[in-house]
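Since the model is a prediction, treat every value here as computed from it, not as a measurement.
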Amino acid sequence: MKKILVIQNKRIGDVLIASVLANNLKKIFPKSEITYFVYDYTAGVLEQNPNIDRVILAKDKELKKISVLIKTIRQIRKERYDIILDPYAKFQSRMMCLFSKAPMRLGFKRADKNLKLPFYTHPVSFLDKASMPCGKALEDRIHMLKAAFELPNPDDRYKIFLTQEEEQYARISEEKKPVIMLGVLGSTPNKSLPYQYTAKVIDYIAETYSATLLFNYAPHQREEAEKIHALCVHRDKINLDIYEDSIRGFIKLMNKCDMLVSNEGGSVHIAKALSRPTFTIYSPYIDKSHWNSFEDGITHDSVHLLEEKPNLFESFTREKRGEIEKNPDQLYRELTPEMILTKLKPFLKQHFNSNDQ
């Protein structure tokens with residue numbers, strides 16, 4: 001039996017996307033034992049996945065301590081894994097690979113740079129661009145598997161698995177339908193649309209559709225979410241009482257919603273994994289092609305300033321992207337509510353009946 005480790009100590013969306021590795025590895029090695037190494041706050045998206053046998057949890061800030069990293073490396077080495085996959089490919093995960101003594105180690109590297117140490121037996125370059133509907137982030141991970149294994153019919157869809165009890169989640173009654181979940185804040189401030197813009201988009205939805213509106217945000221963002229709520233005119237349409245403060249709780253709640261309209265982030269990938277329609281608002285510094293999984297303009301659509309005002313990105317280099325990431329506010333201001341609604345209005349119309357119909 002093969003012992004396989006996948007190291008993906010990053011954010012929620014990254015971990016969910018990386019679950020496609022396990023889904024395909026079980027096809028290649030049906031009798032394998034697959035372990036995931038992830039940050040503790042992301043593990044909810046992996047629960048109940050029949051292709052993942054074990055999850056090792058780490059704490060973000062703790063793992064950055066050299067003493068904790070060394071201890072973790074020793075634990076991984078003791079496990080004697082046969083195969084390690086490192087889609088994270090940063091300092092901590094590379095060091096885990098290097099000292100693991102696993103005979104097969106797969107990890108990403110930039111095509112224009114050579115790795116200084118033999119972290120991987122199979123270093124894999126990122127693809128130049130996406131060629132599949134699943135988007136580049138998912139396609140890169142399928143590419144990683146194909147670099148080492150025969151995989152004639154890869155499964156490129158990430159999935160979330162619910163128990164029967166979770167399926168019966170009942171905080172939303174049929175009388176409240178339809179329900180639109182609003183991802184009012186990104187995972188970080190530089191992934192969050194300006195609050196006034198968010199409020200204007202919410203007010204349009206509230207005015208136009210007889211729907212219950214819910215807010216999604218991280219527990220530590222409650223105060224910021226309330227600021228956005230205060231800016232909305234139609235606060236009576238927003239139910240702040242229906243809220244879940246855990247990943248698994250949000251999954252159960254989102255499974256009962258009819259749509260997600262959100263800043264780009266893990267909640268979008270969760271909604272897609274649950275087969276719920278999504279409309280995504282991208283931060284100006286995000287490369288949309290990496291994260292626009294399965295966008296077809298019908299079930300899943302989005303808006304990105306680059307597509308609306310490409311002239312603002314004519315000198316968009318890797319260095320420039322870093323500058324925008326630190327302070328995207330100026331470009332965010334260019335992504336006006338009117339611009340967003342130009343794409344959002346037809347998307348909503350094809351899914352719901354408006355109040356004036």
Side-chain angles (χ1 to χ4, degrees), residues 8 10-20 41-42 44-46 130 132-141 156-162 178-193 197-198 201-202 205 213-218 221 225 228 243-244 246-307 325 328 332 335 340 343-344 347-348 350-351:
Q8 184 60 84
K10 210 177 179 187
R11 296 186 183 277
I12 294 163
D14 303 275
V15 173
L16 180 53
I17 285 171
S19 68
V20 299
Y41 66 87
T42 69
V45 296
L46 302 180
M132 296 165 61
C134 62
K136 188 173 180 299
L138 274 165
E139 192 173 350
D140 274 329
R141 281 141 188 82
D156 62 5
R157 286 194 174 267
Y158 42 67
K159 304 174 182 70
I160 286 179
F161 300 85
L162 293 92
V179 180
I180 301 175
M181 179 66 75
L182 303 167
V184 293
L185 292 158
S187 56
T188 58
N190 57 7
K191 284 188 176 183
S192 301
L193 190 70
Y197 289 9
T198 301
V201 172
I202 292 169
I205 298 172
L213 307 183
L214 306 181
F215 274 16
N216 176 54
Y217 51 87
Q221 296 174 321
I228 294 171
Y243 173 77
E244 294 289 346
S246 69
I247 293 299
R248 207 66 196 174
F250 173 72
I251 288 169
K252 292 185 291 184
L253 177 55
M254 188 65 233
N255 191 48
K256 295 298 182 180
C257 294
D258 297 283
M259 178 184 288
L260 173 72
V261 178
S262 177
N263 290 279
E264 185 273 329
S267 63
V268 175
H269 298 291
I270 288 172
K272 288 178 179 178
L274 295 169
S275 300
R276 296 294 177 269
T278 66
F279 186 90
T280 308
I281 301 168
Y282 286 91
S283 173
Y285 79 88
I286 294 291
D287 188 334
K288 175 179 168 176
S289 67
H290 283 67
W291 311 108
N292 62 341
S293 311
F294 313 111
E295 286 190 11
D296 56 4
I298 301 170
T299 305
H300 306 293
D301 205 352
S302 66
V303 63
H304 193 301
L305 183 62
L306 172 62
E307 295 172 338
E325 182 175 357
Y332 250 139
L335 187 61
I340 294 167
K343 294 200 71 175
L344 180 58
F347 181 77
L348 291 167
Q350 67 183 339
H351 290 279

Given 3.5 Å as the limit, does a donor-acceptor pair link the side chain of [X] with the main chain of [Y], or not?
X	Y	result
Arg141	Ala18	no
Gln221	Gly186	yes
Asp258	Val179	yes
His351	Ile298	yes

Atom pair [atom1]/[atom2] of [X] and [Y] - distance to nearest 0.5 Å:
X	Y	atom1	atom2	result
Ile228	Tyr217	CD1	OH	10.5 Å
Lys256	Arg276	NZ	CZ	8.0 Å
His300	Thr278	NE2	OG1	5.0 Å
Leu274	Phe161	CG	CZ	11.0 Å
Ile270	Asn255	CD1	CG	11.5 Å
Ile286	Thr280	CD1	OG1	11.5 Å

How close do [X] and [Y] get, heavy atom to heavy atom, and via which atoms?
X	Y	result
Asp287	Trp291	O-CD1, 3.6 Å
Ser293	Leu138	OG-CD1, 3.7 Å
Ser246	Gly249	OG-N, 2.9 Å
Asn263	Leu193	OD1-N, 3.0 Å
Ala225	Phe215	O-CE2, 3.7 Å
Val15	Thr42	CG2-OG1, 3.5 Å

Would you call [X] and [Y] a side-chain contact if the rule is heavy atoms closer than 4.5 Å?
X	Y	result
Asn292	Tyr282	yes
Thr198	Leu182	no
His304	Lys343	no

Practice task
Would you check, one step at a time, whether the test side chain to side chain contact (heavy atoms under 4.5 Å, CB included) holds for Glu264 with His269?
Solution key: CA-CA 9 Å; Glu264 185 273 329; His269 298 291; 4.2 Å; yes
Handout entry: Set of residues satisfying side chain to side chain contact (heavy atoms under 4.5 Å, CB included) with respect to Thr188, sequence neighbours excluded
Key =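 Partners of Thr188 under the side chain to side chain contact (heavy atoms under 4.5 Å, CB included) test: Arg11, Asn190, Lys191.
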Problem - Qualifying residue for side-chain contact (heavy atoms from CB on, under 4.5 Å) with Phe279, from Leu348, Val303, Val201 - result: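 Testing Phe279 for a side-chain contact (heavy atoms from CB on, under 4.5 Å) against Leu348, Val303, Val201 leaves exactly one candidate, Val303.
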Handout entry: Lys288-Ser302 side chain donor-acceptor pair, cut-off 3.5 Å
Key = yes
Practice task
Would you please test Leu260 and Ser267 for side chain to side chain contact (heavy atoms under 4.5 Å, CB included) and show each step?
Solution key: CA-CA 8 Å; Leu260 173 72; Ser267 63; 3.9 Å; yes
Handout entry: Worked check of side chain to side chain contact (heavy atoms under 4.5 Å, CB included) between Ser262 and Asn216
Key = CA-CA 9 Å; Ser262 177; Asn216 176 54; 5.8 Å; no
Handout entry: Residues in salt bridge (Lys or Arg N to Asp or Glu O under 4.0 Å) contact with Asp14, at least two apart in sequence or another chain
Key = none
